[in-house]
Amino acid sequence: DKKAASESDVVGDGRTIEFTSSNRFVSQAQGQVIDSGMFRVNEQQGRLYMTTGSGEKTTEWQLEFDQDGNMVLKSLEEQ
């Protein structure tokens with residue numbers, strides 16, 4: 001079962017993003033780390049900002065939750 005992360009990105013089974021209480025994230029696909037770094041959240045605007053470990057790139061996401069309580073991220077880079 002696949003869920004759309006944005007119009008061009010699809011996150012399928014086996015891909016996870018783990019967020020820690022120390023504002024770090026680790027993204028994995030089939031058990032392999034594909035990205036990690038720091039994140040911050042703007043709760044009032046529903047925005048998630050993720051910065052790669054090297055600090056070279058920050059991506060901005062619209063953060064929402066569906067009826068089942070699943071986090072839904074939509075890339076704001078493409079708008």
Side-chain angles (χ1 to χ4, degrees):
D1 200 29
K2 295 183 178 183
K3 296 188 182 272
S6 71
E7 289 184 14
S8 63
D9 297 326
V10 175
V11 178
D13 290 336
R15 178 145 180 209
T16 61
I17 302 174
E18 179 181 348
F19 297 95
T20 70
S21 60
S22 59
N23 291 359
R24 307 279 307 165
F25 76 90
V26 176
S27 178
Q28 297 183 8
Q30 285 92 29
Q32 300 291 319
V33 174
I34 56 174
D35 197 7
S36 65
M38 299 192 72
F39 75 91
R40 64 185 170 88
V41 175
N42 181 319
E43 293 178 28
Q44 290 77 25
Q45 294 182 348
R47 299 283 197 267
L48 171 68
Y49 303 92
M50 299 171 70
T51 303
T52 60
S54 64
E56 293 178 11
K57 180 172 172 127
T58 298
T59 55
E60 183 178 2
W61 301 86
Q62 177 67 42
L63 174 62
E64 298 175 355
F65 290 90
D66 67 14
Q67 293 175 330
D68 296 324
N70 296 308
M71 184 188 308
V72 178
L73 300 174
K74 181 176 180 185
S75 175
L76 296 173
E77 305 287 313
E78 300 168 1
Q79 294 183 357

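Bear in mind the structure is a predicted one, so any value in this text is a computation, not a measurement.
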Beyond-backbone contact of Gln28 with Arg15, side-chain heavy atoms, under 4.5 angstrom: no

Common cluster, Phe65/Leu73, ILVMFWY with side-chain heavy-atom separation under 4.5 Å: yes

Contact summary for Glu56 and Thr52, nearest pair of heavy atoms: N-OG1, 3.5 Å

N/O donor-acceptor pair under 3.5 Å between Glu60 side chain and Glu77 backbone: no

Interatomic distance, Leu48 atom CG to Arg40 atom CZ [nearest 0.5 angstrom]: 9.5 Å

Side chain Asp68, main chain Asn70, donor-acceptor under 3.5 Å: no

Heavy-atom side-chain contact between Ile17 and Val26 under 4.5 Å: no

Any side-chain heavy-atom pair of Asp35 and Met50 under 4.5 Å: no

Point-to-point distance, once rounded to the nearest 0.5 Å, from CH2 of Trp61 to NZ of Lys74: 11.5 Å

Atom CD of Gln45: over 12 foreign heavy atoms under 6.0 Å: yes

hydrophobic_cluster_shared for Leu76 and Tyr49, side chain cutoff 4.5 Å: no

Aromatic plane relationship, Phe19 with Phe39 - under 30° parallel, 30 to 60° tilted, over 60° perpendicular: perpendicular

